[in-house]
S.K.: 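Sharing a structure, written as structure tokens. Questions coming.
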Amino acid sequence: MAYSQIRLKILPSVRCLFDKLVQVRVEGLTPHKQVELRSRLVDDRGRIFKASALYKADETGQVDVCRAPSLGGSYTGVEPMGLFWAMAPETPHSKLLKKNVLSPTLVEIEAMSAETGELLASETNERGYMTEGMKRIPVQEGRIRGVLFIPPGEGPFPGIVDLYTFGGRLTEPRASLLANKGFVVLALAYMGYEDLPKNPKKLDLEYFDEAVTYLRRQPEVKGPGIGIISISHSGGLALSMSSFLSGISATVCINGCNANTNRASQFPIERASCHFLFAVSEDDHNWNSVFFANQAAATLRTVGSKVAFGGEPKAHSEAQLDLWERVQQFFKSHLDNKSRPTC
């Protein structure tokens, strides 16, 4: 086999945004020979994530992961993005950490001989977070700490506050990726970041009110209201904000809780004047997020709100893709001048 003739291609380009699908193809192989494809990335903490899959070249000496089934490894069957979603940490229970969205996440793809283990070809997929022309503005406005992402273009754009889970850090990837879709997004820190308290005894709702007011006042933000996206513990914050603060038109709550578990009291979301989108996983080991979402929906029904649940049980990767599109459409539907008043 002439290894110099073997090519590993990432299509349509080796550079793309993090939420884009790519096609991995290997050409120039010996027909019907087996090849192992491996993926690997190192996150901002230095932890390694990797996956592998065994393929068999077709009669033309090509492996196209969009058409060919994996015969074994981290996954089986036809999985176009399997080398990405199947990556698992070498250190058990580690989560992928991305601190700096100014640089891409690098995913190394290698084609190895299944017989000898020799490297046949390799390529690196650069998965970025910010489209050209996007602004990333660190925010230190009064007590508010975070980063504001403004998409390129004329605007104004719908505004979103991105609340990540507890952990004492600012998380920017989701905010930057949403901004690529035409939203002004404030990634809001609320503990353990810069001069914010590391372990506050309580979270001051006025702080979040200030953040909402700050975002609504930005000239690039279209009113009348803004959106909130939350996950896990920050879901409670999002529901509190929706219940007690004005200027909020749409709230996304992913695997959240609808109650103050310390006081065993539910958030009064029947007071909210915004639209809600609840998304849950049926295998949530932190708490029963399905129960909490159903409970929240029942509360909204008692006051005449319309509640809709969509989707179906799928592999986690497929669910993520489905939810990502739904979140964008939800915000686009409810964060415009046709939304009902929120004040």
Side-chain angles (χ1 to χ4, degrees), residues 3-4 6-28 35-53 55 62-66 68 70 73-75 79-91 94-112 119-138 147 149-153 162 164 169-183 185 187 316-318 320-321 324-325 328:
Y3 294 165
S4 61
I6 300 174
R7 296 285 184 270
L8 192 155
K9 297 182 178 180
I10 298 175
L11 303 171
S13 172
V14 295
R15 296 180 180 87
C16 65
L17 290 173
F18 189 84
D19 60 348
K20 294 299 183 182
L21 305 181
V22 294
Q23 179 185 11
V24 177
R25 182 190 300 167
V26 185
E27 301 174 347
V35 59
E36 182 183 23
L37 297 185
R38 298 178 181 176
S39 57
R40 180 180 184 272
L41 73 79
V42 181
D43 77 356
D44 287 357
R45 194 184 280 118
R47 292 177 178 171
I48 298 172
F49 294 73
K50 59 185 181 180
S52 64
Y55 287 90
Q62 177 176 286
V63 169
D64 184 344
V65 299
C66 289
S70 166
S74 301
Y75 60 91
E79 295 289 349
M81 291 293 288
L83 289 169
F84 295 85
W85 62 253
M87 281 191 286
E90 284 190 336
T91 304
S94 297
K95 293 184 178 180
L96 182 65
L97 176 64
K98 182 61 179 174
K99 294 180 180 178
N100 182 12
V101 297
L102 296 176
S103 63
T105 291
L106 304 180
V107 181
E108 302 170 1
I109 308 291
E110 295 179 335
M112 315 289 294
L119 176 64
L120 305 178
S122 65
E123 189 57 273
T124 299
N125 183 202
E126 300 181 15
R127 305 184 67 79
Y129 297 87
M130 297 176 58
T131 191
E132 184 177 354
M134 181 187 295
K135 297 178 182 178
R136 177 190 177 276
I137 305 172
V147 173
F149 292 93
I150 302 175
D162 187 349
Y164 211 69
R169 67 177 190 271
L170 183 69
T171 305
E172 300 181 23
R174 185 173 64 187
S176 61
L177 291 172
L178 272 174
N180 290 322
K181 308 301 181 181
F183 301 97
V185 187
H316 184 70
S317 62
E318 294 176 344
Q320 287 276 38
L321 290 172
W324 185 235
E325 294 299 325
Q328 295 171 47

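In what follows, every heavy atom counts, from backbone to side chain, and hydrogens, waters and symmetry copies are set aside.
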S.K.: Evaluate Phe84 against Glu79 for side chain to side chain contact (heavy atoms under 4.5 Å, CB included), listing each step before the verdict.
M.R.: CA-CA 10 Å; Phe84 295 85; Glu79 295 289 349; over 6 Å; no
S.K.: How far apart are the C-alpha atoms of Tyr55 and Val26, what are their side-chain angles, what is the distance that settles it, and do they pass the side chain to side chain contact (heavy atoms under 4.5 Å, CB included) test?
M.R.: CA-CA 10 Å; Tyr55 287 90; Val26 185; over 6 Å; no
S.K.: Is the backbone N or O of Asn100 less than 3.5 Å from a side-chain atom of Asp44, with the two atoms forming a donor-acceptor pair by type?
M.R.: yes
S.K.: Side chain of Asp43, backbone of Leu96: donor and acceptor closer than 3.5 Å?
M.R.: no
S.K.: Is it true that Lys9 and Glu123 make a salt bridge, defined as a side-chain N closer than 4.0 Å to a carboxylate O?
M.R.: no
S.K.: Could you tell me which non-hydrogen atom of Ser39 sits nearest to which non-hydrogen atom of Leu83, and how far apart they are?
M.R.: OG-O, 2.5 Å
S.K.: Are any side-chain N or O atoms of Asn180 and backbone N or O atoms of Tyr129, one a donor and one an acceptor, separated by less than 3.5 Å?
M.R.: yes
S.K.: With rounding to the nearest 0.5 Å, note down the distance linking OG1 in Thr124 to CG in Leu41.
M.R.: 11.0 Å
S.K.: Between Thr131 and Pro152, is there a side-chain heavy-atom distance shorter than 4.5 Å?
M.R.: yes
S.K.: Work out which heavy atom in Ser94 is nearest to a heavy atom in Pro89; give both atom names and the distance.
M.R.: O-CG, 3.6 Å
S.K.: Is there a side-chain contact between Glu126 and Leu106, using heavy atoms and a 4.5 Å cut-off?
M.R.: yes
S.K.: Applying the side-chain contact (heavy atoms from CB on, under 4.5 Å) criterion to Val24, which one of Asp64, Val63, Val65, Leu11 satisfies it?
M.R.: Val65
S.K.: With a 4.0 Å cut-off, would you call Arg7 and Glu27 a salt bridge?
M.R.: no
S.K.: Mind checking the CG-NZ spacing from Asn125 to Lys20? Nearest 0.5 Å is all I need.
M.R.: 13.5 Å
S.K.: So, for Cys66 and Pro80, which heavy atoms are closest and what is the spacing to 0.1 Å?
M.R.: SG-CB, 3.9 Å
S.K.: Once ring pair (Phe, Tyr, Trp, His ring centres under 6.0 Å) is applied, do any residues pair with Phe149, and if so which ones, sequence neighbours excluded?
M.R.: none
S.K.: I'd like to check Arg174 versus Val185 (side-chain heavy atoms, cut-off strictly below 4.5 Å). Are they in contact?
M.R.: no
S.K.: Go through it in stages, so that I can follow the logic: the residues are Val107 and Arg40, the test is side chain to side chain contact (heavy atoms under 4.5 Å, CB included), and I'd like the CA-CA distance, side-chain angles, deciding distance and then a yes or no.
M.R.: CA-CA 6 Å; Val107 181; Arg40 180 180 184 272; over 6 Å; no
S.K.: Side chains of Leu321 and Met81: closer than 4.5 Å at any heavy-atom pair?
M.R.: no
S.K.: Tell me the closest heavy-atom pair linking Ala121 and Leu119, and the distance in Å.
M.R.: O-CD1, 3.5 Å
S.K.: How close do Met130 and Leu102 get, heavy atom to heavy atom, and via which atoms?
M.R.: SD-CD2, 3.7 Å
S.K.: The criterion is ring pair (Phe, Tyr, Trp, His ring centres under 6.0 Å); which residues satisfy it with Tyr75, sequence neighbours excluded?
M.R.: Trp85
S.K.: Which atom pair, heavy atoms only, marks the closest approach of Val147 to Arg136?
M.R.: CG1-CG, 3.5 Å
S.K.: In Å and rounded to the nearest 0.5 Å, what is the CG to CD distance from Asp19 to Glu325?
M.R.: 8.0 Å
S.K.: I'd like to know if the side chain of Ser74 reaches the main chain of Ser52, judged simply by a donor and an acceptor atom lying under 3.5 Å from each other, with no hydrogens or angles considered.
M.R.: yes
S.K.: May I ask you to decide if Ser103's main-chain N or O and Lys98's side chain share a donor-acceptor pair within less than 3.5 Å?
M.R.: yes
